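One structure is given here, and the rest of the page talks about it.
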Amino acid sequence: MRRKGLASMAVQTVATQSTTPSVDLGPASGLSCRECGTKFPLGPIFACAECFGPLEVAYDLPLGDPEALRKRIEAGPANIWRYAPLLPVPADVADKPNLNPGWTKLVKADNLARELGVEQGKLFVKDDSGNPTHSFKDRVVAQALEAARAFGFTTLSCSSTGNLAGAVGAAAARAGFRSCVFIPHDLEQGKVVMAAVYGGELVGIEGNYDDVNRFCSELIGDPLGEGWGFVNVNLRPYYGEGSKTLAYEICEQLGWELPDQLVVPIASGSQLTKIDKGLKELIALGLVADKPYKIFGAQAEGCSPVSAAFKAGHDVVRPQKPNTIAKSLAIGNPADGPYVLDIARRTGGAVEDVNDEQVVDAIKLLARTEGIFAETAGGVTVGVTKKLIEAGLIDPALTTVVLNTGDGLKTLDAVAETSQATATIKPSLEAFRSAGLAG
Ligand SMILES: *Cc1c(COP(=O)(O)O)cnc(C)c1O
């Protein structure tokens, strides 16, 4: 499953990790291979030295009285650090300079529910555009930053489809890190400006995201990238854990209950797999009652490698060349694709896609029904939700949570042409009367 290039890199990083001082990352006890289960000490490594499978954080979770843990969480700050006992961060994390993302709104979307034929009170939008840099990426960067601090990195970096670059730039600025981030050169202006404004280095790469990612993998193995913490490459196991907080918040905001159905956008697939991990942890800890839930994945038709594999019944994901307005989801070779397929199938969910026109329609549908202006990724998720309801795959009588992971102000071009002034008139009552808008 893994590419060959990772092999030498993994061995190299495993071999040097003995020099890493022992670190305090709270309840994190080590790293474990998602393929073969081999355990490794905490370190800036991401691939298994045995089988080259991806690593994830293993925990000694606080398996005590769930009631005491619930009270401790509820007494915590209104950001992701309320869940510090379940995250790879030191206990005093809330006192450190960071952006304190999370605890975003879970909006009861009754107007949208009416339009989609969902029962009143059953449809929710988890609106992560409310994070400090207006996307869900602040959650994952906050975790990677703590790992970078613990491992002694002073430069933060990433390969990004846009939102991650801004999140890294901002978090690095606040925490006093140098940052140097890499993006495809042709991103939306809103993403480029957000990535540059925080004062770090921003490099446009002539190529798509998969080219950027390949470049970063090479840079990590080269002396040029020595001492750099790439949040989604060599710090990826820690980065991924940030997405668990979405699962925690959704359940807490539903009154410590699991939703029946979740619709999650897929770029690399990390977020979807970690939401599933977070839900399973809450069950294991006794914080929510165990019941079945279904996870649905959403992609844009112009970059739908996971959806295509799901529909074809394949276990492997065939890479695609992305061509879609949903640039934040435009990863043609998604690292977590096979795991997403497993989760969708195991939970009884599905992976579906919508075309660019449907993305635009869905952005406008969410805006006019709930007053939420989503970026193109949110349009993908809402559009796929609509399609899955129409196909009878999402049950309109059960609780559904739809993720909006980013802010429409960053992808204005998607709707600019069809969202203009209704009329432009002289400042006179006569002109207004003529425009036919009164009453
Ligand atoms: C990065 C991103 C995602 C999901 O990314 P994964 O790589 O699948 O974790 C979803 N929405 C937006 C807006 C993003 O920027």
Side-chain angles (χ1 to χ4, degrees), residues 54 56 101 104 125-131 133-141 143-144 158-168 181 183-184 187-188 190-191 194-195 209-210 212-213 231-233 236-247 262-278 295-300 303-307 317 322 324-341 343-344 351 359 362-363 366 372-384 402-411 414:
E56 68 179 357
T104 55
V125 176
K126 178 63 172 168
D127 187 10
D128 245 18
S129 67
N131 275 314
T133 69
H134 305 267
S135 90
F136 108 96
K137 289 296 196 301
D138 292 318
R139 297 177 185 273
V140 284
V141 170
Q143 311 299 317
C158 67
S159 55
S160 172
T161 55
N163 283 317
L164 185 58
V168 167
V181 299
I183 56 172
L187 288 185
E188 305 95 335
K191 300 264 172 70
M194 281 286 282
Y209 173 81
D210 298 288
V212 178
N213 202 39
V231 301
N232 58 337
V233 190
R236 188 171 181 83
Y238 311 93
Y239 162 99
E241 296 299 290
S243 291
K244 294 193 312 181
T245 59
L246 273 164
L262 291 112
V263 191
V264 183
I266 301 167
S268 72
S270 169
Q271 182 185 33
L272 188 147
T273 63
K274 299 306 178 188
I275 285 176
D276 180 58
K277 190 181 187 205
I295 300 189
F296 298 88
Q299 295 207 292
C303 182
S304 52
V306 189
S307 164
V317 173
T324 168
I325 58 168
K327 291 178 193 257
S328 55
L329 302 182
I331 297 185
N333 188 13
D336 283 290
Y339 298 106
V340 169
L341 291 171
I343 291 166
V351 185
V359 171
I363 291 174
L366 182 62
I372 297 171
F373 184 20
E375 76 144 86
T376 44
V380 167
T381 315
V382 172
V384 162
V402 179
L403 266 67
N404 174 39
T405 47
D407 190 327
L409 286 172
K410 289 199 213 178
T411 58

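Quick caveat, the model's predicted, so the values are computed rather than measured. Counting starts at 1 for both ligands and their atoms, in listed order.
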**Request:** Decide whether Y239 and S270 meet the rule of one side-chain donor and one side-chain acceptor closer than 3.5 Å.
**Result:** no
**Asked** Do G269 and ligand 1 have an N or O pair less than 3.5 Å apart?
**Response** yes
**Item:** Short side-chain donor-acceptor distance under 3.5 Å, K327 and T376
**Value:** no
**Asked** Between R236 and D336, is the closest basic N to carboxylate O distance under 4.0 Å?
**Response** yes
**Message:** Pairs of nitrogen or oxygen atoms closer than 3.5 Å, one from Y239 and one from ligand 1: do any exist?
**Reply:** no
**Request:** Step by step, work out the side chain to side chain contact (heavy atoms under 4.5 Å, CB included) result for I275 and K244.
**Result:** CA-CA 5 Å; I275 285 176; K244 294 193 312 181; over 6 Å; no
**Prompt:** Among side-chain atoms of T133 and D138, is any donor-acceptor pair under 3.5 angstrom?
**Reply:** yes
**Asked** Out of curiosity, is P265 lining ligand 1, as in a heavy atom under 4.0 Å away?
**Response** yes
**Message:** I need the contact type for L272 against ligand 1. Using non-hydrogen atoms and a strict under-4.0 Å cut-off, is it side chain, backbone, both or neither?
**Reply:** neither
**Message:** Salt bridge or not between R139 and D128? Use side-chain N to carboxylate O under 4.0 Å.
**Reply:** yes
**Request:** Would you check the N or O atoms of T161, main chain and side chain alike, for any that come under 3.5 Å of an N or O of ligand 1?
**Result:** no
**Asked** Using heavy atoms and a threshold below 4.0 Å, how should the contact between N163 and ligand 1 be classified: side chain, backbone, both, or neither?
**Response** side chain
**Item:** For atom 12 (C) of ligand 1, the protein heavy atom that lies nearest, with its residue and separation
**Value:** T405 OG1, 3.3 Å
**Item:** Ligand-side contact atoms (ligand 1) for residue partner S270, heavy atom cut-off under 4.0 Å
**Value:** 6 (P), 8 (O), 9 (O)
**Request:** Would you confirm whether S160, through its side chain, and A165, through its main-chain N or O, come within 3.5 Å as a donor-acceptor pair?
**Result:** yes
**Prompt:** Does the pair V125 and I372 meet the rule for a side chain to side chain contact (heavy atoms under 4.5 Å, CB included), with working shown?
**Reply:** CA-CA 9 Å; V125 176; I372 297 171; 4.1 Å; yes
**Item:** atom 9 (O) of ligand 1 - nearest protein heavy atom and its distance
**Value:** Q271 N, 2.9 Å
**Request:** Scan side-chain atoms only and decide if S159 and N213 contain a donor-acceptor pair under the 3.5 Å cut-off.
**Result:** yes
**Message:** Between E375 and N404, is there a side-chain donor-acceptor contact under 3.5 Å, judged purely by atom types and distance?
**Reply:** no
**Heavy atom of the protein closest to atom 5 (O) of ligand 1 (residue, atom name, distance)** = A267 CB, 3.4 Å
**Item:** Nearest neighbour in protein (non-hydrogen) for atom 7 (O) of ligand 1
**Value:** S268 OG, 2.5 Å
**Prompt:** Against heavy atoms of A377, which atoms of ligand 1 measure under 4.0 Å?
**Reply:** 11 (N), 13 (C)
**Item:** Check: L329 N/O within less than 3.5 Å of ligand 1 N/O
**Value:** no
**Prompt:** If you measure from each non-hydrogen atom of S135 to ligand 1, which part falls under 4.0 Å: side chain, backbone, both or neither?
**Reply:** neither
**Complete:** Looking only at protein heavy atoms, what sits closest to atom 14 (C) of ligand 1 is K137 NZ, 2.9 Å
